[in-house]
Amino acid sequence: MLLTGASGYVGGRLVRLLERQPVALRCLARSPDKLRPIVRECTQVARGDVLDPPSLAGAMRGVHTAYYLVHLMSDSKDFEKEDRQAATNFAGAAREAGVRRIVYLGGLGDDADPNLSPHLRSRHEVGDILRASGVETIEFRAGMVIGAGSLSYQLMKSLTDRLPVMICPRWLTTATQPVAVDDVLAYLLAARELPASGSRTFEIGGPDVLTYADLIREYARQKGLRRWLIFVPVLTPYLSGLWLALVTPAKFEVGRHLIEGLKNPTVVRDKTALGVFPVRPMGVTEALRKAIADTTE
Ligand SMILES: NC(=O)c1ccc[n+]([C@@H]2O[C@H](COP(=O)([O-])OP(=O)(O)OC[C@H]3O[C@@H](n4cnc5c(N)ncnc54)[C@H](OP(=O)(O)O)[C@@H]3O)[C@@H](O)[C@H]2O)c1
């Protein structure tokens with residue numbers, strides 16, 4: 001089994017679960033030295049970069065299932081082109097090595113929406129590229145992942161922790177259906193056991209559909225914070241990104257790409273996942289409670 005993105009948030013949580021499975025695990029990492037101390041001794045760590053095709057061949061050798069939990073955009077200005085290149089490299093190497101299944105976590109959002117953000121469109125395109133390789137691909141599409149180290153959760157947390165009064169752009173009224181990280185991990189793990197039946201895409205989310213403003217209010221309620229949200233229609237995604245850069249620790253580019261995606265509803269329209277997997281996702285109240293409890297700072 002191969003895991004890419006083990007140094008990231010979702011991958012870093014998944015690695016601990018995969019290490020408990022009765023199967024050899026190999027992690028692909030750009031900086032093996034950073035990963036080595038946090039994985040078990042029996043876990044292999046292969047140096048590799050999805051933007052460097054020759055580095056992938058060895059890592060794929062003998063692999064049945066390869067997890068693709070890579071997110072390039074934090075480093076990249078032209079993230080769409082790089083996402084495309086990375087997925088093409090990964091899928092090509094998987095096909096060459098005879099990998100049987102790719103499991104990928106992407107984003108929710110309606111492909112038919114002409115205003116779908118470049119970020120979400122690119123996440124969907126990555127799924128298309130992986131499938132087009134001919135390797136059976138299980139794609140999960142999720143909205144905000146609620147968990148202590150998740151970037152989108154941290155953005156929301158930073159805003160709410162720091163600003164008693166928030167001048168809010170319109171996107172805070174967009175509908176979203178967040179999912180707890182534990183439930184995402186349960187889906188990713190269960191994807192290994194899915195009978196082979198060709199590539200499939202599953203939309204996943206918790207039971208609650210709400211707005212980002214509702215999410216902020218619930219987070220504030222649980223933290224005992226009094227917060228006022230004032231809505232203004234004129235805050236463009238660009239200005240919202242600048243605003244985020246001022247009040248959050250995340251890099252401006254990351255904030256801007258994420259913000260552009262926040263104007264698009266991220267709601268589960270196809271509930272097939274609930275029929276296929278034994279996962280019963282928890283609600284937002286419970287997911288936030290766990291994320292707050294897990295936060296160390
Ligand atoms: N977090 C969320 O709210 C959320 C919501 C929906 C979907 N997702 C999806 O879940 C997946 C994982 O997200 P995440 O939040 O865990 O991301 P993350 O914390 O930013 O981690 C990204 C991972 O990608 C790796 N990576 C970046 N560039 C690479 C390269 N060139 N070659 C190899 N590895 C590379 C990073 O490794 P380095 O340590 O080397 O940088 C890191 O391990 C993404 O596909 C994302 O779209 C996340």
Side-chain angles (χ1 to χ4, degrees), residues 2-15 26-36 38-39 45-56 59-60 66-76 79-90 93 102-109 117-127 129-130 137-157 176-181 183-185 187-188 201-206 212 215 250-251 253-255 257-258 261-262 264 266 268 287 291:
L2 180 72
L3 174 63
T4 48
S7 55
Y9 177 59
V10 178
R13 297 282 310 265
L14 186 64
V15 74
R26 185 181 297 144
C27 296
L28 179 104
R30 292 191 288 188
S31 314
D33 297 347
K34 275 199 268 170
L35 200 57
R36 192 65 265 173
I38 55 176
V39 296
V45 180
R47 184 186 300 278
D49 183 328
V50 290
L51 291 171
D52 175 26
S55 71
L56 302 177
M60 294 277 187
Y67 284 89
Y68 191 73
L69 301 180
V70 167
H71 215 188
L72 300 162
M73 72 176 187
S74 53
D75 292 327
S76 166
F79 68 93
E80 289 167 272
K81 194 169 149 214
E82 288 196 356
D83 265 350
R84 200 175 294 134
Q85 194 55 56
T88 304
N89 296 342
F90 188 83
I102 294 172
V103 181
Y104 163 58
L105 177 63
L108 279 171
S117 75
H119 169 57
L120 291 176
R121 198 168 291 288
S122 174
R123 295 283 82 198
H124 292 189
E125 190 188 1
V126 165
I129 292 169
L130 297 175
T137 299
I138 307 301
E139 175 180 355
F140 291 102
R141 293 183 170 184
M144 177 194 278
V145 174
I146 299 184
S150 165
L151 179 61
S152 47
Y153 168 78
Q154 284 179 331
L155 283 174
M156 187 274 294
K157 174 188 179 321
T176 188
Q177 192 167 351
V179 60
V181 65
D183 294 320
V184 173
L185 296 170
Y187 279 118
L188 290 170
T201 299
F202 297 102
E203 298 189 334
I204 57 173
Y212 290 106
L215 204 58
K251 283 194 212 163
E253 275 300 315
V254 179
H257 295 318
L258 279 179
L262 298 181
N264 302 121
T266 43
V268 173

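By convention here, the first residue in the shown sequence is residue 1. These numbers were taken from a predicted model, which means no experiment stands behind them. Every number for a ligand or one of its atoms is a count from 1 in the order of the listing.
Look at Gly149 and you'll find every heavy atom at least 4.0 Å from all atoms of ligand 1. Judged by the shortest distance from any of its heavy atoms, Gly107 lies outside the 4.0 Å radius around the atoms of ligand 1. Within the structure, the closest approach of Ser150 to ligand 1 falls below 4.0 Å when heavy atoms are considered. Proximity of Thr4 to ligand 1 is not established, as no heavy-atom distance is less than 4.0 Å.
Residue Gly11 places no N or O, backbone or side chain, under 3.5 Å from any N or O of ligand 1. Not a single N or O atom of Gly48, backbone or side chain, sits closer than 3.5 Å to an N or O atom of ligand 1. Between Tyr68 and ligand 1, no pair of N/O atoms sits closer than 3.5 Å. Residue-to-ligand polar distances place Val50 within reach of ligand 1: an N/O pair is separated by less than 3.5 Å. Among the atoms of Arg123, some N or O lies under 3.5 angstrom from an N or O of ligand 1. The shortest N or O to N or O distance between Gly106 and ligand 1 is not below 3.5 Å. An N or O contact shorter than 3.5 Å links His71 to ligand 1 by distance. Checked by distance only, ligand 1 and Val10 come closer than 3.5 Å through their nitrogen or oxygen atoms.
Nearest heavy atom pair, residue Phe79 against residue Ser122, reads CE1-CB, 4.1 Å. When all heavy atoms of Val268 and Gln177 are compared, the closest pair comes out as N-OE1, 2.9 Å. Taking both residues in full, the closest heavy atoms of Ala59 and Ser55 are given as CB-O, 4.4 Å, listed atom of the first, atom of the second, then distance.
Taking every heavy atom of Gly5 and a limit of under 4.0 angstrom, the matching atoms of ligand 1 come to 23 (C), 43 (O). Each of the atoms 28 (N), 29 (C), 30 (C), 31 (N) of ligand 1 lies under 4.0 Å from some heavy atom of Leu72. Proximity to Ala142 (heavy-atom distance under 4.0 Å) selects the following atoms of ligand 1: 6 (C). Set against the non-hydrogen atoms of Ser7, the atoms of ligand 1 under 4.0 Å away are 36 (C), 37 (O), 38 (P), 39 (O), 42 (C), 43 (O). Distances below 4.0 Å separate heavy atoms of Ser152 from the following atoms of ligand 1: 2 (C), 3 (O). Proximity to Gly143 (heavy-atom distance under 4.0 Å) selects the following atoms of ligand 1: 5 (C), 6 (C).
Counting heavy atoms from C-beta on, the side chains of Arg141 and His124 come closer than 4.5 Å. Here the side chains of Pro178 and Tyr153 are not in contact, with every heavy-atom distance at 4.5 Å or above. Contact check for Phe140 versus Leu188: side-chain heavy atoms found under the 4.5 Å cut-off. Counting only heavy atoms from C-beta outward, the side chains of Leu105 and Tyr67 never approach each other to under 4.5 Å. Annotation: side chain of Leu72 is in contact with side chain of Val50 (closest heavy-atom distance under 4.5 Å).
In this structure, Tyr68 contributes its side chain and Gly127 its backbone to no donor-acceptor pair below 3.5 Å. A donor-acceptor pair under 3.5 Å is formed between the side chain of Thr88 and the backbone N or O of Arg84.
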request  = Carefully, step by step, assess Phe90 and Ile102 under the rule side-chain contact (heavy atoms from CB on, under 4.5 Å).
outcome  = CA-CA 10 Å; Phe90 188 83; Ile102 294 172; 4.1 Å; yes
